[in-house]
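Here the structure is laid out as structure tokens; the discussion comes afterwards.
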Amino acid sequence: FIPTENAAAELFFPHYSRTAGWQTTFGIINTGKHIEDVFLQSYDSDGYPLTSKSIELAPGQKWEESTSYLSILTADAITMSAYTESGRNCLTGYTEFLNPSTGRSLVPITMEKGPTIIAPHIASNDDWQTDIAVMNTGTEDSATRFSAYNAEGEPIGLFEYQLKAKQRFVNSASEIFPDITPE
């Protein structure tokens with residue numbers, strides 16, 4: 001599901017939900033060959049560090065925790081990172097969203113480098129809603145541009161947002177592009 005060649009020394013978890021029946025779980029897997037000390041760090045809405053804790057992961061070990069019981073996710077926390085003390089690229093991760101009456105989604109957490117993230121399909125109608133979460137994982141402020149395209153690949157919408165270091169942006173696709181009618 002997550003190729004081991006995409007393992008990283010640092011992962012970011014930009015969004016979790018604990019409202020309207022939603023439950024969120026974070027998962028981290030040590031794909032390396034060494035025991036790793038992994039530090040978990042929470043951030044507030046402006047990207048400032050809040051609380052941290054460490055865990056130890058053996059080779060191949062998975063750590064999984066509900067965000068409802070993760071002590072570093074205090075009332076002000078909205079995002080989390082995980083990083084290895086060694087700096088080795090050995091972590092893969094995921095976020096699981098579960099709503100017993102609505103459904104389940106498992107989102108892999110990868111740290112692929114590049115200026116563009118592509119969401120190949122956005123569902124936004126009476127039956128489905130797609131939320132988009134992005135996080136500036138860098139140490140400097142960054143301009144973020146969201147572009148929407150129709151089925152023929154023609155641009156039909158543009159939205160720009162300034163993100164501080166470690167800050168995130170989360171919104172539904174229909175709110176980001178309110179003037180676009182789904183096809």
Side-chain angles (χ1 to χ4, degrees), residues 2 6-28 36-55 63-87 89 91-99 105-119 122 124 129-148 157-180:
I2 304 171
N6 288 350
E10 186 172 32
L11 300 175
F12 291 89
F13 298 81
H15 181 60
Y16 61 94
S17 182
R18 298 188 293 209
T19 61
W22 286 100
Q23 304 160 20
T24 307
T25 300
F26 290 157
I28 301 169
E36 295 290 342
D37 289 321
V38 179
F39 293 91
L40 309 177
Q41 176 71 59
S42 62
Y43 302 89
D44 70 10
S45 61
D46 289 321
Y48 293 110
L50 293 173
T51 308
S52 63
K53 76 179 242 176
S54 66
I55 58 174
W63 170 88
E64 187 176 83
E65 181 115 18
S66 168
T67 60
S68 295
Y69 303 110
L70 188 53
S71 62
I72 67 167
L73 296 180
T74 61
D76 294 334
I78 64 165
T79 61
M80 184 185 90
S81 69
Y83 61 94
T84 62
E85 181 179 40
S86 70
N89 292 331
L91 300 179
T92 60
Y94 58 90
T95 302
E96 177 189 29
F97 297 97
L98 171 66
N99 186 317
S105 173
L106 187 67
V107 180
I109 301 297
T110 62
M111 291 303 296
E112 293 183 36
K113 304 292 183 210
T116 304
I117 299 170
I118 297 173
I122 302 292
S124 183
Q129 174 179 304
T130 301
D131 287 346
I132 297 174
V134 296
M135 182 176 179
N136 176 359
T137 61
T139 57
E140 302 290 329
D141 293 359
S142 179
T144 306
R145 177 180 290 155
F146 298 86
S147 302
L158 178 67
F159 174 78
E160 294 182 331
Y161 191 81
Q162 187 73 19
L163 286 172
K164 297 176 190 173
K166 306 296 187 269
Q167 190 179 30
R168 65 123 193 225
F169 173 83
V170 177
N171 209 337
S172 67
S174 60
E175 291 292 322
I176 296 171
F177 300 106
D179 299 329
I180 296 175

Are Leu70 and Met80 close enough, and set up right, to give a side chain to side chain contact (heavy atoms under 4.5 Å, CB included), and what steps lead you there?
CA-CA 10 Å; Leu70 188 53; Met80 184 185 90; 3.5 Å; yes
Is there a side-chain contact between [X] and [Y] (heavy atoms, below 4.5 Å)?
{"X": "Asp37", "Y": "Ser54", "value": "no"}
{"X": "Ser86", "Y": "Glu36", "value": "yes"}
{"X": "Glu64", "Y": "Ile28", "value": "no"}
{"X": "Thr95", "Y": "Thr24", "value": "yes"}

Go through the steps to decide whether Ile55 and Lys53 satisfy the test side chain to side chain contact (heavy atoms under 4.5 Å, CB included), and finish with yes or no.
CA-CA 7 Å; Ile55 58 174; Lys53 76 179 242 176; 4.0 Å; yes
Quick one: pull up [atom1] in [X] and [atom2] in [Y] and give me the separation to the nearest 0.5 Å.
{"X": "Thr19", "Y": "Asn99", "atom1": "OG1", "atom2": "CG", "result": "9.5 Å"}
{"X": "Ile78", "Y": "Tyr16", "atom1": "CD1", "atom2": "OH", "result": "7.5 Å"}
{"X": "Ser68", "Y": "Leu73", "atom1": "OG", "atom2": "CG", "result": "9.0 Å"}
{"X": "Ser81", "Y": "Ile109", "atom1": "OG", "atom2": "CD1", "result": "11.5 Å"}
{"X": "Glu65", "Y": "Thr25", "atom1": "CD", "atom2": "OG1", "result": "9.0 Å"}
{"X": "Ile176", "Y": "Asp131", "atom1": "CD1", "atom2": "CG", "result": "8.5 Å"}

When Leu11 is tested against each of Leu91, Val38, Leu40 for side-chain contact (heavy atoms from CB on, under 4.5 Å), which residue passes?
Leu91
Partners meeting ring pair (Phe, Tyr, Trp, His ring centres under 6.0 Å) with Phe169 (sequence neighbours left out)
Phe146, Phe159, Tyr161
Under a 3.5 Å distance rule, please check whether [X] uses its side chain to pair with a backbone N or O of [Y] as donor and acceptor.
{"X": "Asn89", "Y": "Ala9", "result": "yes"}
{"X": "Arg168", "Y": "Ala133", "result": "no"}
{"X": "Thr51", "Y": "Ser42", "result": "no"}

Would you check, one step at a time, whether the test side chain to side chain contact (heavy atoms under 4.5 Å, CB included) holds for Phe12 with Thr79?
CA-CA 8 Å; Phe12 291 89; Thr79 61; over 6 Å; no
Selection residues 42-52 - residue pairs positive for salt bridge (charged side-chain N to carboxylate O under 4.0 Å, His left out), sequence neighbours left out:
Asp46-Lys164
Please name the pair of heavy atoms, one in [X] and one in [Y], separated by the smallest distance, quoted to 0.1 Å.
{"X": "Met135", "Y": "Pro14", "answer": "CB-CB, 3.7 Å"}
{"X": "Phe26", "Y": "His15", "answer": "CE2-O, 3.9 Å"}
{"X": "Leu158", "Y": "Ser147", "answer": "CD1-OG, 3.6 Å"}
{"X": "Ser52", "Y": "Gln41", "answer": "CB-OE1, 3.4 Å"}
{"X": "Ala165", "Y": "Asp141", "answer": "N-OD1, 3.5 Å"}
{"X": "Ala77", "Y": "Ile72", "answer": "CB-O, 3.9 Å"}

If we ignore angles and hydrogens, is there a donor and acceptor under 3.5 Å between the side chains of Gln167 and Tyr43?
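Per modelled atom types, Gln167 and Tyr43 side chains form no pair under 3.5 Å.
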With a 6.0 Å cut-off (strictly less than), is the heavy-atom count around CZ of Phe39, excluding the residue itself, greater than 12?
yes
For Glu140, give me all partners under salt bridge (charged side-chain N to carboxylate O under 4.0 Å, His left out), at least two apart in sequence or on another chain.
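Salt bridge (charged side-chain N to carboxylate O under 4.0 Å, His left out) check on Glu140 returns nothing, list empty.
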